[in-house]
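Numbers restart at 1 for each chain; the letters A, B, ... are given by sequence-line order, proteins then strands. Note that the coordinates shown come from a computational prediction; the quantities given were computed from them, not determined experimentally.
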Amino acid sequence: MSAVIANRSQPPGAAAARPSQGLSALLRNTQALDPLTPVDSVADSMLDSRYAGLLSLPVVRGDEPIGTISRYEMMRVFLMRFGRELYGHRAIETLANRNALILAIDTPIDEAARLIAERIQSPITDDFILVDSGGRYLGTGVVLDVLRAMDASLAERSSELERAYARLKSSQLQLVQSEKMASLGQMVAGLVHEINTPLGYVRNNVEMTRNTLGDAGRLLGAYEAIHRSLFEESVEPPADLPDRLAEAAELRRRVDESALIDIGELLDDSLHGLGQIAELVDNLKNFSRLDQGLLQKADLNQLVASALRIVQHVMRKRDIEVIFQNGELPEIPCAPAQINQVLLNLLNNAAQAIEHEHGRITVRTQLMGARVLVLVEDNGKGIEQKHLERIFDPFFTTKEVGKGTGLGLSIAHQIVTRHNGLLRVVSRPGVGTRFLLALPVAAREVRT
Amino acid sequence: MSFLPTIVLVDDEERILRSLRMLFRGRAEVLCTTRGADVVEWVGKRKVHVVVSDQRMPEMTGIEVLREVARVSPATMRILLTGYADMDAVIASVNEGEIFRFLEKPWNGEKLVAAVMRAAEIAASSLERPLIAPAPAAPPIALPSRKVAHALVLDAQGGVANLVRQIMPESIRVSVAPEIGMALDELVTHDVAVIVAVMSSEAGDIVDAIKQLKKLRPATLVIAVSSMQDSRLTISLINEGQIFRFLLAPPGRELLRRCLASALERHAQLRLSPVLAERHEVEESRSSQVTLSGRLLDVWRRLREGATRA
Ligand SMILES: Nc1ncnc2c1ncn2[C@@H]1O[C@H](COP(=O)(O)OP(=O)(O)OP(=O)(O)O)[C@@H](O)[C@H]1O
Ligand SMILES: [Mg+2]
């Protein structure tokens with residue numbers, strides 16, 4: 001209670017009040033009128049600066065609130081003919097509004113606002129009385145303060161809502177991000193293998209070429225020495241000629257014509273390998289640029305090819321035949337990294353749906369009207385009717401715990417929607433599934 | 001070189017094969033294929049000293065190939081050459097492939113040649129003999145009941161030690177060392193057939209000790225039990241420690257029992273024809289020279305003296 005009393009001396013801080021906090025912040029330390037106070041002197045009191053800003057004054061016997069007397073009522077009485085004469089000497093309790101609103105100090109503000117709204121009349125004539133839990137008078141509250149507090153709390157709530165919304169959005173982004181990380185992690189293994197394989201033979205080939213060229217250099221040197229000793233130094237053959245000839249013959253054995261032909265071949269292989277590594281690194285770069293997909297012009301055929309390249313090891317490992325039929329496509333505005341992700345999700349899902357030995361995944365691209373279409377078709381186990389409508393839901397998965405997050409398609413759907421595109425599915429259990437991705441040739445506005 | 005061994009290379013990338021064929025030109029007779037099934041067929045028909053296999057291939061994985069090779073031609077030495085080492089493959093290469101070396105792409109030419117040629121030499125001497133290591137695909141199920149050997153469990157916690165005690169028949173002496181110093185004492189005083197080494201995150205000493213031990217006593221077989229899924233560490237345990245089996249902690253009872261049975265059987269064979277122990281020869285440790293503390297070094301010295309005297 002003492003806290004409440006201490007509060008009374010403070011100026012009312014409507015804005016500081018929180019909806020759950022109760023009314024103590026709005027409490028005004030209004031000196032109550034005794035019920036027996038004459039109406040005349042109440043009229044005088046009303047002019048007193050202490051009561052400025054109050055619509056009505058509380059009438060309290062001891063600490064028991066009787067009601068309120070409003071300026072409006074006083075005016076009404078005094079404006080009556082002979083009103084002052086008739087009523088001036090009477091006790092104020094005869095005029096008091098006995099139905100005044102009395103609220104416990106711990107009433108939540110929104111509850112108070114509701115009670116006020118229930119009996120509000122126009123114009124607002126009365127303030128309300130605040131009492132403690134025993135019904136004892138504490139002070140008064142002003143309707144306007146309550147409204148202001150409500151207003152503030154609404155503002156706060158809506159900014160809370162905004163914050164929550166922002167948090168949700170960013171955590172969703174993080175989810176997207178972590179999904180990317182997870183699939184990236186899975187792919188790193190494959191990519192490392194894909195890179196180390198060409199790196200293996202390129203490095204070996206270069207080493208061998210260096211060795212052979214070293215031998216070839218020495219062979220040339222040996223020939224030159226023989227040449228010099230034969231034709232320049234003397235007419236007699238030098239004493240070490242047999243040694244030199246033997247050295248040259250030994251080198252000649254290592255650097256024969258076939259070795260040089262081999263080297264040509266090895267260097268061709270190496271160039272091929274370097275090309276492959278460059279391509280993989282390029283793909284990786286595209287793939288990792290996932291943060292905020294920049295709006296670019298991209299060729300969907302290329303995106304498909306690069307996604308296929310990334311999942312290639314999975315397909316090869318599972319012996320899945322991949323067919324890519326690419327149609328003629330214009331470049332379209334999109335966030336390539338995000339589309340890449342959609343394609344990867346579709347391809348991974350397709351591969352994972354295949355449980356037999358004769359897996360086939362067909363990817364077709366085609367231009368149709370103002371849209372570019374990508375069809376991803378598998379001959380996997382298909383999707384049951386009852387699951388069809390749920391597959392785009394976040395976290396819906398039929399895969400074992402730890403195998404699937406159930407986020408793949410929901411993220412894909414989100415990305416496609418942001419591109420003003422469509423993602424559709426048809427499936428027949430036991431036969432296969434076809435996903436259709438359609439993206440507009442001219443994007444209106446892509447919100448990435 | 002007069003000795004021209006036969007080596008078989010299998011990889012699904014033909015350029016790798018072309019490159020490796022060149023590398024071994026003049027050093028070995030080289031057969032190449034992109035299909036694992038060819039390898040299995042070849043080793044059944046002719047004398048093949050070494051098979052070098054890629055791991056990730058479409059039809060058969062490298063481990064599948066090497067496991068079959070071990071079954072069909074146990075004397076042939078097996079090497080895995082792979083571009084990416086995921087933990088599962090590394091573990092399987094020990095337990096199923098019983099490989100001599102786990103090598104990674106891109107490889108170092110000199111080292112690869114050295115490893116393959118050394119393997120070929122070792123294979124040559126096993127190929128001469130009728131008696132050869134058993135196929136790992138069909139491990140013996142029964143534990144030998146004769147009193148054959150000592151088993152040593154290096155286990156700070158004691159859980160695995162208890163399990164080993166329960167599994168082993170009474171005829172086999174099981175001693176338990178909670179720390180490496182005690183384990184080494186045991187090794188100096190007894191001929192230990194099999195060591196079960198439980199490794200936790202601070203296992204640096206144990207890893208080094210295993211590597212040193214295998215150098216001195218190649219016939220002692222090591223079963224590593226580790227909670228660390230560290231492929232790098234495991235690869236070094238294969239190449240420099242020639243561990244016999246690798247189990248993830250906590251090991252299943254039946255699995256551990258089978259590993260112990262195979263280890264004891266293998267040990268018995270190695271004692272019978274010590275030349276076979278060459279097959280478990282370790283690679284010179286890269287990191288070593290040596291992180292072991294002074295006290296351990298002292299024990300090593302005693303061990304080494306014992307080894308040279310024997
Ligand atoms: N091509 C397909 N064939 C059969 N079922 C599919 C196919 N694509 C998706 N599904 C079904 O839709 C579900 C949801 O797919 P989604 O990509 O959202 O998550 P997920 O694949 O289970 O998990 P994650 O993408 O994290 O691996 C899958 O669990 C699967 O049941
Ligand atoms: Mg998926």
Looking at [options], which has the largest count of heavy-atom pairs under 4.5 Å with chain A?
options	value
B:E110, B:R25, B:E59, B:M57	B:R25
B:N108, B:T82, B:L81, B:L17	B:N108
B:E13, B:E104, B:R18	B:R18

Whether [X] side chain and [Y] backbone form a donor-acceptor pair below 3.5 Å:
X	Y	answer
A:D269	A:Y201	no
B:E98	B:V94	no
B:Q55	B:I63	yes

How close do B:L9 and B:R21 get, counting heavy atoms only, and between which atoms?
CD1-N, 4.1 Å
Taking every non-hydrogen atom, the tightest pair across B:S226 and B:F246
CB-CZ, 3.7 Å
Out of A:E207, A:R316, A:H272, A:E265, which one racks up the most heavy-atom pairs below 4.5 Å with chain B?
A:H272
Relative to chain A, which segment of B:D54 carries a heavy atom at a distance below 4.5 Å: side chain, backbone, both, or neither?
side chain
Is A:R203 close to chain B through its backbone or its side chain, or both, or neither, when contacts mean heavy atoms under 4.5 Å?
side chain
Given that the side chain runs from C-beta out, which part of A:L199 has a heavy atom under 4.5 Å from chain B: side chain, backbone, both or neither?
both
Got more than 12 heavy atoms from elsewhere within 6.0 Å of CD, A:Q312?
yes
